[in-house]
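Note sheet for the following structure.
Order of the sequence lines sets the chain letters (A, B, ...), proteins ahead of strands, with each chain counted from 1. Remember, it's a predicted structure, so these values are computed and weren't measured experimentally. All values below were derived from every heavy atom in this structure, side-chain atoms included, with hydrogens, water molecules and symmetry-related copies excluded.
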Amino acid sequence: MKYRTYKQLNLPEIDKEILEFWKKGKIFERSVSEKPEDNTFVFYEGPPSANGKPGIHHVMARTVKDLFCRFHSMQGKRVERKGGWDTHGLPIELSVEKELGITKEDIGTKITVYEYNQKCRETVMRYKDLWDDLTVKMGYWVDLDNPYITFENEYIESVWYLLKRLYDKDYLYKGYTIQPYSPAAGTGLSSHELNQPGTYQDVKDTSAVAQFKVVRDAKSEFLYEKVDKGEVFFIAWTTTPWTLPSNMALAVGKKIDYVLVKTYNPYTKLRVNLILAKDLLGKWFKADAAALDFEAYQAEDKLIPYQVIAEFKGNVLEMISYEQLLPYQKPEGEAFKVLIGDFVSTEDGTGIVHIAPSFGADDKRVGDKYGIDALMVMDEFDNPMPLVDKKGKFVEGMGEFSGRYVKNYKDNPDYRNIDVDISIKLKKENKAFNVAKYSHNYPHCWRTDKPILYYPLDSWFIRASKLKERMFELNKTINWKPASTGEGRFGKWLENLQDWNLSRSRFWGIPLPIWRTEDGEHEKCIGSVEELRLAIEEANKVLGLNQEVPKDLHKPYIDEVVLVAANGEAMKRESDLIDVWFDSGSMPYAQWHYPFENEEKFKANFPADFIAEGVDQTRGWFYSLHAIAVMAYDSVAYKNVVSNGLVLDKDGKKMSKRLGNAVDPFDTLAKYGSDATRWYMISNAPPWDNLKFDLNGLDEVRRKFFGTLYNTYSFFALYANIDGFDYKEADIPMEERPEIDRWIISLLNSLIQEVEKDYADYEATNATRKIQNFVDEHLSNWYVRLCRRRFWKGEYTQDKIAAYQTLYQCLVTVAKLMAPVAPFFSERLYKDLNNATQKENHDSVHLTLFPDADNKTIDKILEQRMDYAQRISSLVLSLRKKEKIRVRQPLQKIMLPVLDDAFMNQVDGIKDLVLAEVNVKNLEYIKDTGGLIKKRIKPNFKTLGRRLGKNMKAVAQKIAAFTQEDIAALEKNNSYTLQTNGESFELTLEDFEISSEDIPGWLVANDGNLTVALDTTITDELAAEGMAKELVNRIQNLRKTKDFEVTNKIDVTIQNHEAIQAAVAQFGDFVCNEVLAENLELSESLLGGDSIEIDGIELTIAIEKA
RNA sequence: CCUGAGGUAACACAAUCGGCAGUGUACCAUUCUGAUACGAUGGAGGUUGGUGGUUCGAGUCCACCCCUUAGGACCA
């Protein structure tokens, strides 16, 4: 069977062929099923949402996933890859609403929850086909037929099980947190919604600095001691004066310096004593007022005198009491104390922060720490609520402010600014130190464009903070790529972990499986459908109902289920849905419907060996997986994780539809092929660096790497087909193969070792770069180039067979090494090789095992030797170039200075290769005896620097000034006494780097420590041989233009000319042999034939098939 | 504002423990080829983002700043 040959390289065409082959042969399925079940490599697929179209960055992320799975599959592991779909969440709701032209408020009125959810269910898989198409085309092997889908009942049931498990461990609780809330829209907002463009707007608000009167007692006595007249106040600034009635505390910074200032209130003109941060004194008091006379101050004076009468650190203020500012409602428990808060700064305000736990997240947190609750009143159901209701207006019992909106939510033209009214009241009551307009950036609801409130909302939480030490500890056992993401971004996040807010007041998601009585006294968490069935039966019995387990566990059906408490009261479901991140973090369990099914399957597949996603998932999926595993099973969820960076456009800008710089993945794959795209992405930069995606780079990869490899194969196939090489001969033992074969095999095995290690370390970029370097630099441009003649010349000898075997082995091994990254081309290459030889019993490169490096063949000394050969050749070629002597002109000799015997022995081994490559007859070594070689000396900075310290510079200069005699003496004695700055140092050869630089009188070139001289004399005989080679070249060109077959024999007639007579006379046989000529004749009068030119001489040559 | 990553030739990237700043592409010139979508040779191209510090010696370590990018905070 012949090796398949091609007209040209067409990667997209190969993609199509191979896809068809994989599909027919079920290669993916077989790559899994043929591996032992007890030797697994576990991979988790992070579920994408099929609600949006895939982008080029998905190709990147999936290439990373795919390649390591393929690699481990080739390591003999069973690598199951279950796909999955993320189907819940806000983006889906939003796209549905946009499509239907509705808002959240319309749900339940214009559209039923049933219809809404139905629509979500349809929308969510909208682009599934597109995704599947991309998955297939890019060669991402994942099981698309049995994916897990987060909206399915089985999935939900597993999630419920996990929630119940956490509930039983007492990790679930209901509590208030301060969340962004839009009173105008009547809904809470997620941080995602808050980060929509345009939500933060500059607004002008009335800000107030309020005076909080210090209660005089033992704690505060030290303040009053300094005071001669008037009361002592803390002053605190706020841009939301409507929160002042809810003030419960003040916060100061522990280490911040505060001062007590004696002055007059600018509105009431009363003498007051104010406490504020020292650094902010200048913000509120004019410097030239400090000198003013207190006694002379008149109420109408512009400048108000002030004087600092005490100074102290914030920590002495802790727990001092003050009087409630606006006492409409009395708080329960502790209140009106000074607290220490780490968030307090002296950036703006007064360095004292007004704390209203009802309306600020920081406020709530510091309040909780000190046991100070939010100020609440009871609503008509006796449930606590803050002083502002959900519509954004003050509750009853707020005096003149009762029932008024805190912001103009209703676009009422008569709206009176409540911040202003509160400020006026404070001014009148000697409770305001300053009132001013203040312009700042404040978030607005992206739908109603009204300012949001930070509002306490009832939510269900997971006590994640309780386990943060454990999560931190287990995180250290995870291998992060890159490590900094794990230690830094993720580690820091775990260190400061807050409880997980599970609640979402939405419609399309997994319902929280908790039922409660109206008063919250009794509650029940459901952990399975069976449990729900029993609870329903019980409720039916007690309450006389006729309910069934809903067929769909989503809203609205689940909300209709009423359960019964132990005391016979009815329990209703808590109306919240759970955070979608909990959905995805549950996939290790829920994808198998564990623990209700597949117990064995789950146990064999937990935790994962490997996961990979974008770095943006650090606090998303990476966290939810980790948190759930730690909380529910005290285990990590994954052992290795690669977080890949972004794919940017070629200028480093983010890709977006808006900018129009997004690259279409389908176009790219269709044009450049999947492999070039994948190879480019992986080889260009480590996956965790952001990738500047440049189509020119793709082109380069295609030309440079795939082009070269393709050509190498084509070369092999061309001649192997001619010679009928199909590897039926036994392997020729290594020691019987020529040096160059052993060299490339040695390099190949070194490559196997390194590439395997790189893949195992998740360093695919290094692996691809090494493979590429091997193929371009060594295999194609050295091995094949030097061995060309072995393939096309002469009989089918041992040497020829060795060459075929060697090249074959290189190609088939490269196919395997590159298979994880370039699955299509490697498959084509492997099959084209193996189909012809049937050497291996595998249908696909992806069913083979990763090659084992044969250590016996690795010969580092040989590798170095060949490196010399490459460099010496390069030097000789550069000398030829300089003298404008073309390579076809043979030259007599090369001279090579040798400084030690080891070097000479090395070069001796590759002498013939070099001579053939550069077309020179002899290589002569020049030993350093006659002083023929001029040497160059340099200090060895590494050894000398350590010893000489600051004398290094001076010594380096001295050494640079060494004469040839100095160097010779040093080499002879192996020691040198160096005097500098009165100090003396004994130096040995170790401390220097000596290299040959020149051979005076010869043409010389250098590369590092290599020096080569070339004899450029051209004798008559050399000239004749050169001319013969020119003739060969011209005749070969003619053969090519006349489309002769490589094997055709020819007759040649050349117009006689004195310039070629010597060449034909002496080297006629050589010429005939080279061009496969049976006859070569000189003719005085040649008719027809082609005109050629050699060194300006026009000749006519006629060739015809013999 | 905080945290992480990054900033090296036109572009993409290297540079081990601090020890002579490199490779590839592109460009210019010369040239080669019976595997070539190659190859060879030479050339040009650098204040390693900036400023300071430590050191005999800094792309590398330290400090501050600027820019890109991601994440978080955005409060009084």
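- Taking A:S643 as the reference, nothing meets the side-chain hydrogen bond (donor to acceptor under 3.5 Å, both in side chains) condition, with sequence neighbours excluded.
- Using a 4.0 Å heavy-atom cutoff across all strands shown, A:S714 reaches no nucleic acid atom at all.
- With its glycosidic angle more than 90° from 0, B:C11 adopts the anti conformation.
- Within 4.0 Å of A:Y719, counting heavy atoms only, lie sugar-phosphate atoms of the nucleic acid but no base atom.
- B:A26 and B:G19 have their P atoms separated by 32 Å, given to the nearest Å.
- Closest contact between the side chain of A:R703 and the listed nucleotides B:U25, B:G39, B:C13 involves B:U25.
- Across the P atoms, B:C28 and B:A21 are found 30 Å apart, a figure rounded to whole Å.
- What separates CG of A:N696 from P of B:A37 is a distance of 20 Å, to the nearest Å.
- The shortest distance between the side-chain N/O atoms of A:K704 and the OP1/OP2 oxygens of B:C38 is not below 4.0 Å.
- Closest approach to the A:F715 side chain among B:A35, B:C75, B:C38 is made by B:A35 (side chain taken as heavy atoms from C-beta onward).
- Residue A:N1033 is classed as a sugar-phosphate contact, given heavy-atom separations below 4.0 Å to backbone atoms only.
- Across all strands, A:S780 comes closer than 4.0 Å to base atoms (heavy-atom distances).
- When the side-chain nitrogen and oxygen atoms of A:N684 are compared with OP1 and OP2 of B:C13, one or more of them lie within a distance under 4.0 Å.
- In this structure, the ring of A:Y3 has its center less than 6.0 angstrom from the ring center of A:F716.
- Among A:R785, A:R871, A:R880, the single residue meeting the salt bridge (charged side-chain N to carboxylate O under 4.0 Å, His left out) criterion with A:E917 is A:R785.
- The side chain of A:Q8 sits closest to B:A37 out of B:A37, B:C13, B:C75.
- Nearest nucleotide to the A:V784 side chain, out of B:A35, B:G39, B:U25: B:A35.
- OP1 or OP2 of B:U41 sits under 4.0 Å from a side-chain N or O of A:S874.
- Pairs of Watson-Crick or G-U wobble type, with distances under 3.5 Å, assemble into runs of 3 or more in RNA chain B at these ranges: B:1-7 with B:66-72, B:10-13 with B:22-25, B:27-31 with B:39-43, B:49-53 with B:61-65.
- Ring pair A:F622/A:W480: centre-to-centre distance below 6.0 Å.
- Across all strands, A:R785 comes closer than 4.0 Å to base atoms (heavy-atom distances).
- Within the model, atoms OG1 of A:T708 and CG of A:L9 stand 10.0 Å from one another, a figure rounded to the nearest 0.5 Å.
- The side chain of A:L877 has B:A40 as its nearest neighbour among B:A40, B:G39, B:C75.
- Counting to the nearest Å, the P atom of B:C13 and the CD atom of A:E700 are 12 Å from each other.
- For the pair A:K770 NZ and B:U23 C1', the computed distance is 15 Å after rounding to whole Å.
- If you take CH2 of A:W493 and P of B:G71, they are 13 Å apart, rounded to a whole angstrom.
- To the nearest whole angstrom, the two P atoms, one in B:U8 and one in B:G49, are 6 Å apart.
- A:R702 comes within contact range of no nucleotide atom at all, as no heavy-atom separation falls under 4.0 Å.
- Aromatic ring centroids of A:Y181 and A:Y454 lie 6.0 Å or more apart.
- For the P atoms, the distance from B:A40 to B:C32 is 15 Å, rounded to whole Å.
- Annotation: the span from A:K671 atom NZ to A:D699 atom CG amounts to 7.5 Å, rounded to 0.5 Å.
- Summarising the geometry, the separation between CG on A:L339 and P on B:C75 is reported as 20 Å, rounded to the nearest angstrom.
- Nearest-nucleotide mapping onto RNA chain B: of A:N781 and A:R769, the residue sitting toward the 5' end is A:R769.
- Among the heavy atoms of the strands, none lies under 4.0 Å from A:I355.
- Between the side chains of A:W679 and A:T768, not a single donor N or O lies within less than 3.5 Å of an accepting N or O.
- Using a 4.0 Å heavy-atom distance criterion, A:V1075 is classed as making no nucleic acid contact.
- Spacing between B:U60 and B:U69 at atom C1', rounded to whole Å, works out to 23 Å.
- At least one side-chain heavy atom of A:V252 sits under 4.5 Å from a side-chain heavy atom of A:I340.
- For A:Y322 and A:F212, the gap between ring centers is short of 6.0 Å.
- Each of A:L1038 and A:L875 was assigned the nucleotide of RNA chain B with the nearest heavy atom; the assignment lying further toward the 5' end belongs to A:L1038.
- Taking atom OH on A:Y454 and atom P on B:A73, their separation rounds to 9 Å, with Å as the unit.
- In this structure, A:N711 reaches the bases: a heavy-atom distance under 4.0 Å links it to at least one base atom across the strands shown.
- Among the protein residues, A:L718 comes within range of no part of the nucleic acid, since none of its heavy atoms lies under 4.0 Å from any strand.
- The distance between the ring centers of A:Y623 and A:W581 does not fall below 6.0 angstrom.
- Between the P atom of B:U31 and the CD1 atom of A:I885 lies a distance of 14 Å, rounded to the nearest Å.
- Within the 4.0 angstrom heavy-atom criterion, no nucleotide atom of any strand lies near A:A717.
- Look at the C1' atom in both B:G46 and B:A10: the space between them is 12 Å, to the nearest Å.
- For B:G45 and B:G52, the C1' atoms lie 30 Å apart once the distance is rounded to whole Å.
- Taking atom CE of A:M681 as the reference point, atom C1' of B:A12 lies 15 Å away to the nearest angstrom.
- B:C38 and B:U47: their P atoms are spaced 32 Å apart (whole Å).
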